[in-house]
Amino acid sequence: MESTLGLEIIEVVEQAAIASAKWMGKGEKNTADEVAVEAMRERMNKIHMRGRIVIGEGERDDAPMLYIGEEVGICTQEDAKNVCNPEELIEIDIAVDPCEGTNLVAYGQNGSMAVLAISEKGGLFAAPDFYMKKLAAPPAAKGHVDINKSATENLQILGDCLERSVEELVVVVMDRPRHKELIQEIRAAGARVRLISDGDVSAAISCGFAGTNIHALMGIGAAPEGVISAAAMRCLGGHFQGQLIYDPEVVKTGLIGESRDGNLARLKEMGIEDPDRVYTDSELASGETVLFAACGITPGTLMEGVRFFHGGARTQSLVISSQSQTARFVDTIHIQEQPKYIELK
Ligand code: VTB
């Protein structure tokens, strides 16, 4: 994959984050999302690449931009052969979430970000708009914890792998009625729970870095976000497993289709033979090359949020590449007009 892509996608997530951050705390989650989508798409279309959205804003009928199947990048144009070099003409798949945590932005809360993952064609699992049971944990616990085990067992294993007692572990869980028993179990096992209202991508990736004081993500969130999390965790060597959830009874709240049978039929139609299959990070992001980029909209565990100043903005992003085996934190000052001053810290 084109090596400059890693640099260009930083700007893609930065532009989306800046656009969305202007709507921080305004109580309008749809606008915070729309502007991020627009900005992300505009910047993406300036890149010399031949991209196809595999995880996006929804089906073409419901989403005008960054819908599943949309082609993005200069090299998707008809005259691409004249303007792009052969390497840029290789098809790539892109998973986007321009505003991950729209509510967080709308209410000015921590943990939202603009995020995307890229791989070669077929390298990212085109997850349906379903829910996913997720288990994320640090690299030291990779392959030792298991989504099929109970939370109690996994906490014991996690403690052993991280050489800490269970009491010293922090687990992030989304604050939803469906997690009532899970939360009780984690607390009873002795670990501490950090409840979040939204934004489980940030929580999953935080498990990949020591020092975040987040040791696991457990529970059910959205499947597309699961694939994006898996892409990052695969590059970081962290643990990530996901299992699609198709039963509305299990999810309890949110939009998940009409019935269990209807959802099962939909999965079958999509070619998913075993609906209960557990996917690992390298199955969800199976491509040889995987790139991940995120930019904080509001402040988070890993990144600062967007900070505006007279004439510009400052952002913090994270770019992870399987090819160069790097995780780069990028601190950028965006000079839009002649600023009165540029703060260094
Ligand atoms: C999940 C989670 C996301 O929204 O999609 C959640 O993965 C929605 O869950 O990170 P509910 O339908 O249960 O409300 C986020 O938190 C934000 O997009």
Side-chain angles (χ1 to χ4, degrees), residues 13 16-17 20 23-24 28-37 40 55-58 62-63 66 68 95-117 125 127-136 147 171-183 194-207 214 216-233 240-258 263 279 281 284 292 294-298 300-303 305:
V13 287
S20 193
W23 288 87
M24 190 202 85
E28 291 180 39
K29 67 175 201 155
N30 292 340
T31 316
D33 189 40
E34 278 160 28
V35 294
V37 172
M40 181 174 270
I55 286 179
E57 292 297 290
D62 324 314
L66 297 183
I68 296 158
V96 300
D97 197 348
C99 181
E100 150 67 356
T102 50
N103 280 319
L104 300 174
V105 181
Y107 303 121
Q109 290 161 350
N110 285 10
S112 62
M113 58 196 202
V115 61
L116 60 79
F125 179 65
D129 208 2
F130 272 56
Y131 284 80
M132 184 183 265
K133 183 176 168 187
K134 307 175 189 181
L135 175 63
I147 205 165
V171 183
V172 176
V173 180
M174 286 209 346
D175 193 3
R176 295 291 187 279
R178 60 177 171 267
H179 294 146
K180 193 171 162 231
E181 279 140 34
L182 173 66
I183 294 164
R194 235 169 99 169
L195 289 174
I196 55 166
S197 63
D198 278 296
D200 70 357
V201 177
S202 165
I205 300 165
S206 296
C207 298
I214 293 177
L217 165 76
M218 293 183 184
I220 298 170
E225 279 87 340
V227 176
I228 296 179
S229 306
M233 290 300 264
F240 190 91
Q241 286 172 297
Q243 183 180 37
L244 292 172
I245 300 293
Y246 45 81
D247 190 346
E249 289 285 307
V250 175
V251 178
K252 291 197 170 77
T253 55
L255 298 169
I256 191 200
E258 274 157 33
N263 288 335
Y279 297 86
D281 48 87
L284 296 170
F292 168 95
C295 181
I297 303 174
T298 53
T301 312
L302 292 171
M303 288 163 283

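As the structure lists them, so they are numbered: ligands from 1, and atoms in each ligand from 1. Sequence positions, counted from 1, serve as the residue numbers for this chain. Here the structure is a predicted model, which means the values were calculated and not measured.
Remark: among candidates Val115, Ile196, Asp198, the nearest residue to atom 15 (C) of ligand 1 is Asp198, based on non-hydrogen atoms. With atom 5 (O) of ligand 1 as the reference point, the heavy atom nearest to it among Ala222, Gly226, Ala223, Gly221 is part of Ala222.
For the pairing with Glu100, the side chain to side chain contact (heavy atoms under 4.5 Å, CB included) check across Asp97, Leu104, Val96 returns one residue only, Asp97.
Residues passing the side-chain contact (heavy atoms from CB on, under 4.5 Å) test with Ile196 are Val172, Met174, Asp200, Ala203, sequence neighbours excluded. Partners of Tyr107 by ring-ring contact (aromatic ring centres under 6.0 Å, His included), not counting sequence neighbours: none found.
Atom CD1 of Ile205 sits about 10.5 Å away from atom OG1 of Thr301, to the nearest 0.5 Å. With rounding to the nearest 0.5 angstrom, the CD1 atom of Ile220 is 10.0 Å from the NZ atom of Lys134. Here CD of Gln243 is found 10.0 Å from OH of Tyr279. Values are rounded to the nearest 0.5 Å.
Residues Ser20 and Asp33 fail the side-chain proximity criterion, which asks for heavy atoms closer than 4.5 Å.
Those atoms of ligand 1 that come under 4.0 Å of a heavy atom in Gly101, given as number and element, are 17 (C), 18 (O). Below 4.0 Å from some heavy atom of Tyr131 lie the following atoms of ligand 1, by number and element: 11 (P), 12 (O), 13 (O). Ligand-side atoms of ligand 1 in range of Lys134: 7 (O), range being under 4.0 angstrom from any heavy atom.
Looking at ligand 1, you'll find an N or O of Glu100 within less than 3.5 Å of one of its N or O atoms. Of the polar atoms of Ser197, none of the N or O atoms is found under 3.5 Å from an N or O of ligand 1, judged by distance alone. Of the N or O atoms in Thr102, none lie within a sub-3.5 Å distance of an N or O in ligand 1.
When non-hydrogen atoms are compared, ligand 1 lies under 4.0 Å from neither the backbone nor the side chain of Lys252. If you look at Arg178 next to ligand 1, the close heavy atoms, those under 4.0 Å, all belong to the side chain.
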